[in-house]
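Below is one structure; the comments refer to it alone.
Atoms within a ligand are numbered from 1 in the order they appear, just like the ligands themselves. None of these values were measured; they are calculated from a predicted model.
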Amino acid sequence: MHLVKSSARRPFVVGLTGGIGSGKSAVANHFVAQGASLVDTDAIAHALTAAGGAAIPAIRDHFGMSVLAADGSLDRAAMRSLAFSHPEARKQLEAILHPLIRDESARQCLAAQGPYVILAVPLLVESGTYRERCDRVCVVDCPEALQIERVKARSGLAEAQIRAIMAAQASRAARLAVADDVVDNDGTLDQLRVQVERLHRRYIDLAGKRT
Ligand SMILES: CC(C)(COP(=O)(O)OP(=O)(O)OC[C@H]1O[C@@H](n2cnc3c(N)ncnc32)[C@H](O)[C@@H]1O)[C@@H](O)C(=O)NCCC(=O)NCCS
Ligand SMILES: Nc1ncnc2c1ncn2[C@@H]1O[C@H](COP(=O)(O)OP(=O)(O)OP(=O)(O)O)[C@@H](O)[C@H]1O
């Protein structure tokens, strides 16, 4: 009897990344509308830090009750302020969350049923682990001024806080340097959709050729 190699079951994985507010979620939604499976590390991080989430006990032990809301979930605004003004606090938070996010995202990728998987990871360029898992890297790119404008409009965060988050991320140039594909998001949402539809056809083709 032949053992099936685990890699034989591994789906075709497209890593989707981009800076804060670049448009990853908008792009991911367009891929899903085309039929792709989505594994979203931001969503996994949110689930881990919801009330009763698997990361909450370690966060409470490490940071204390001041970073928890009354319902026991992570107080995201409090942690955001702490993490993006104190690099060592961010490293501690990442040390708690990243192994859990890595495991859960790997599990979800293997369970995905679509023709290929979009693995959305804000820190893909910063983390070798995710790049190793991806057959391709797709970068959502837009000018930094537009990132700031969109995040301000979406969440009302102050510009200084948005800049502090951007400073903790890879530069635009570093992301573009590892991109196999680039989605330009300096136009309309319709222009975004057209680019995603073209890439979807390419990924279907590449995924089919690999199996
Ligand atoms: C600090 C937290 C609580 C702030 O929560 P908030 O609701 O404001 O942001 P949210 O989680 O929705 O993330 C929004 C964006 O912030 C950026 N971001 C999040 N975490 C990080 C980080 N560790 N380093 C740099 N940028 C980050 C990304 O662009 C992300 O898309 C949260 O971002 C968090 O738990 N971060 C640590 C987990 C992590 O590294 N997540 C990234 C996925 S691997
Ligand atoms: N081409 C566009 N035109 C107008 N608004 C856009 C466009 N692309 C994205 N947006 C809006 O900008 C905001 C940021 O986009 P989105 O949430 O997709 O970015 P993101 O990269 O997922 O952000 P984050 O890193 O914070 O998770 C959203 O409110 C989104 O609707």
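- Regarding atom 20 (N) of ligand 1, its nearest protein heavy-atom neighbour is F84 CZ, 4.2 Å.
- For ligand 2, the atoms closer than 4.0 angstrom to any heavy atom of T188 are 1 (N).
- Those atoms of ligand 2 with a heavy atom of K24 less than 4.0 angstrom away are 18 (O), 19 (O), 20 (P), 21 (O), 22 (O), 23 (O), 24 (P), 25 (O).
- Among all protein heavy atoms, the one lying closest to atom 42 (C) of ligand 1 is D42 OD1, 3.8 Å.
- Under the 4.5 Å side-chain contact rule for hydrophobic residues, V139 and L16 do not share a cluster.
- Q169 NE2, 3.4 Å is the protein heavy atom nearest to atom 28 (C) of ligand 1.
- In this comparison of L93, L157, L100, the heavy atom closest to atom 36 (N) of ligand 1 sits on L93.
- Close approach of ligand 2 to A26 is summarised as follows: ligand atoms under 4.0 Å from at least one heavy atom of the residue are 18 (O).
- The nearest heavy-atom contact from the protein to atom 8 (O) of ligand 1 is R80 NE, 2.6 Å.
- Remark: ligand 1 and H46 share an N or O pair separated by less than 3.5 Å (distance only, no angle test).
- When hydrogens are left out, the protein atom nearest atom 9 (C) of ligand 2 is N185 ND2, 3.8 Å; that is the closest non-hydrogen contact.
- Closest to atom 3 (C) of ligand 1, if we only count protein heavy atoms, is L74 CD2, 3.7 Å.
- In this structure, Y116 and F12 have perpendicular ring planes: the angle between them is above 60°, well past the 30° mark.
- Checked by distance only, ligand 1 and H98 come closer than 3.5 Å through their nitrogen or oxygen atoms.
- Taking only nitrogen or oxygen atoms, main chain and side chain alike, R76 reaches within less than 3.5 Å of ligand 1.
- In the hydrophobic clustering of ILVMFWY residues, with side-chain heavy atoms under 4.5 Å counting as a link, L157 and M79 come out apart.
- Contact of the I118 side chain with the H30 side chain is not registered, since no non-hydrogen atoms from C-beta on lie closer than 4.5 Å.
- Electrostatic pairing of E104 and R107 counts as a salt bridge here, judged by a charged N lying under 4.0 Å from a carboxylate O.
- Numbered from 1 in the order shown, with element, the atoms of ligand 2 that lie under 4.0 Å from a heavy atom of D42 read 27 (O).
- In this comparison of R154, Q169, M166, the heavy atom closest to atom 14 (C) of ligand 2 sits on R154.
- Checked by distance only, ligand 2 and G187 come closer than 3.5 Å through their nitrogen or oxygen atoms.
- A 4.5 Å side-chain heavy-atom check between R150 and N185 finds at least one atom pair inside the cut-off.
- For atom 31 (O) of ligand 2, the nearest protein heavy atom lies 4.0 Å away or farther.
- Considering only non-hydrogen atoms, atom 35 (O) of ligand 1 lies nearest to L97 out of T49, I96, T17, L97.
- For Q113, the CD atom is loosely surrounded, since the number of other residues' heavy atoms within 6.0 Å does not exceed 12.
- Ligand 2 does not have A28 within reach: every non-hydrogen atom of the residue lies 4.0 Å or more from it.
- In this structure, the side chains of L123 and H98 come closer than 4.5 Å at one or more pairs of heavy atoms.
- Side chains of S105 and Q108 form no contact here, defined as non-hydrogen atoms less than 4.5 Å apart.
- Close contacts of ligand 2 with G23, meaning ligand atoms under 4.0 Å from a residue heavy atom, involve 15 (O), 16 (P), 18 (O), 19 (O), 20 (P), 21 (O).
- Looking from atom 6 (C) of ligand 2 to the surrounding protein, the closest heavy atom is R150 NE, 3.6 Å.
- Given atom 15 (C) of ligand 1, the protein heavy atom at minimum distance is I20 CD1, 4.0 Å.
- Which parts of ligand 1 touch T41 is read off a 4.0 Å heavy-atom cut-off, strictly below it: atoms 43 (C), 44 (S).
- What sits closest to atom 22 (C) of ligand 1 on the protein, heavy atoms only, is E94 OE2, 3.6 Å.
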